[in-house]
Amino acid sequence: MSEVFEGYERQYCELSASLSRKCTSAGGLEGEQKKQKLSEIKGGIDEAESLIRKMDLDARSLQPSVKGILLAKLREYKSDLNNLKSEVKRISSGNLNAAARDELLESGLADTLTASADQRTRLMTTTERLGKTSDRIKDSRRTMLETEDLGVSILQDLHSQRQSLLHAHDTLHGVDDNIGKSKRILTNVSRRMNKNKWTIACIVAVLVIAIIVILYFKLK
């Protein structure tokens, strides 16, 4: 939930409770005191309307999932404000005589104040419930971000391992090339050794034959 909306909401709840108390006290006043109290109440209602407009603007700028919840709360606040306006109209009406005013205070105003109190109780309950929902949303978002960070870390590790495997593959390829070169060199050396072996054998055979011939002629 928006912190800006919560700030406006807190101000409105405090202002609504104050206006309700002022309406109750204004019902028992007369003359200038009553006019002054009604003037204060009307100023407070203007301020409450301003807070509702600000909450409405802030709510409409949020995501749809949160916006729907906040707009539902705003409808409750607007209904509460309309009840306050009705109370002010009844109190400020100059056509009511004392008996009618007493009856109004005893019945209509009392019922209205009771309804407003019940409505504010429901609003506070709804606010608490929405606050818990907001906390759950924050927890879910935090978990999602942690999961995303974990996924990024795993991808980075996999990329690092892939690079290591590619490097090992290149190294093995180089070793294989070196082994191939060594094998060719050993084959050439082996061929030369075989060639030299036959050459030495021929030389030894010639020397043996020469020695035999020399011994033959000497003995003869």
Side-chain angles (χ1 to χ4, degrees), residues 1-14 51-77 122-220:
M1 187 181 296
S2 172
E3 294 181 359
V4 176
F5 186 93
E6 289 179 350
Y8 291 146
E9 182 182 31
R10 189 163 45 251
Q11 294 178 35
Y12 175 81
C13 290
E14 293 174 356
L51 289 172
I52 286 180
R53 285 195 297 271
K54 291 178 181 179
M55 284 190 285
D56 185 73
L57 289 174
D58 185 70
R60 294 183 185 278
S61 65
L62 301 176
Q63 297 177 352
S65 58
V66 180
K67 181 173 67 175
I69 298 173
L70 298 184
L71 290 178
K73 292 179 67 176
L74 273 176
R75 286 192 291 271
E76 295 288 338
Y77 293 146
R122 291 196 301 272
L123 288 175
M124 294 303 296
T125 303
T126 303
T127 301
E128 293 178 0
R129 186 165 59 252
L130 289 175
K132 293 179 181 179
T133 302
S134 176
D135 292 338
R136 287 196 294 270
I137 292 173
K138 289 179 181 178
D139 291 338
S140 300
R141 183 178 181 185
R142 190 184 306 110
T143 302
M144 181 183 67
L145 292 175
E146 291 175 355
T147 304
E148 183 180 356
D149 292 338
L150 179 61
V152 171
S153 177
I154 292 173
L155 288 176
Q156 291 176 348
D157 291 340
L158 291 175
H159 179 72
S160 177
Q161 292 176 5
R162 181 175 181 273
Q163 294 297 327
S164 299
L165 290 173
L166 289 176
H167 180 70
H169 180 269
D170 294 338
T171 303
L172 290 174
H173 185 71
V175 171
D176 186 60
D177 291 340
N178 292 331
I179 291 174
K181 291 179 181 178
S182 299
K183 185 176 180 181
R184 288 193 296 271
I185 292 172
L186 290 174
T187 301
N188 293 331
V189 171
S190 177
R191 289 176 181 175
R192 290 179 183 178
M193 288 178 64
N194 291 330
K195 184 178 180 181
N196 292 335
K197 185 186 296 184
W198 285 106
T199 302
I200 291 172
C202 292
I203 292 173
V204 170
V206 171
L207 289 175
V208 170
I209 293 171
I211 291 171
I212 293 171
V213 171
I214 292 171
L215 290 175
Y216 173 77
F217 282 108
K218 283 187 176 183
L219 292 175
K220 188 177 179 181

Item to check | Distance (rounded to the nearest 0.5 Å) between L70 CG and E6 CD | outcome: 9.0 Å

Item to check | Chi angles and distances behind the side chain to side chain contact (heavy atoms under 4.5 Å, CB included) call for E146, R142 | outcome: CA-CA 6 Å; E146 291 175 355; R142 190 184 306 110; 3.8 Å; yes

Which donor-acceptor pairs under 3.5 Å do side chains of residues 158-172 form with protein atoms, sequence neighbours excluded?
{"unit_1": "S164", "atom_1": "OG", "unit_2": "S160", "atom_2": "O", "d": "3.0"}
{"unit_1": "T171", "atom_1": "OG1", "unit_2": "H167", "atom_2": "O", "d": "2.8"}

Item to check | ring pair (Phe, Tyr, Trp, His ring centres under 6.0 Å) against Y8, all qualifying residues, sequence neighbours excluded | outcome: none

Next on the checklist: Among residues at least two apart in sequence or on other chains, which ones pass side-chain contact (heavy atoms from CB on, under 4.5 Å) with V208?
Outcome noted: V204, I212

Next on the checklist: Can you list everything that forms a side chain to side chain donor-acceptor pair (under 3.5 Å) with R60? Sequence neighbours excluded, please.
Outcome noted: D56

Sequence neighbours left out, cut at 3.5 Å: what donor-acceptor pairs do the side chains of residues 183-190 make with other protein atoms?
{"unit_1": "T187", "atom_1": "OG1", "unit_2": "K183", "atom_2": "O", "d": "2.8"}
{"unit_1": "N188", "atom_1": "ND2", "unit_2": "R184", "atom_2": "O", "d": "3.2"}

Checklist entry - So how far is it from R53 CZ to L74 CG, rounded to the nearest 0.5 Å? => result 12.5 Å

Checklist entry - Who passes side-chain contact (heavy atoms from CB on, under 4.5 Å) against I203, sequence neighbours left out? => result T199, L207

Checklist entry - Has the side chain of Y12 got a donor or acceptor atom that lies under 3.5 Å from a matching backbone atom of Y77? => result yes

Item to check | Approximate separation, where rounding is to 0.5 Å, of D58 CG and E3 CD | outcome: 10.5 Å

Item to check | Interatomic spacing from NZ in K73 to CG in L71 - rounded to 0.5 Å | outcome: 11.5 Å

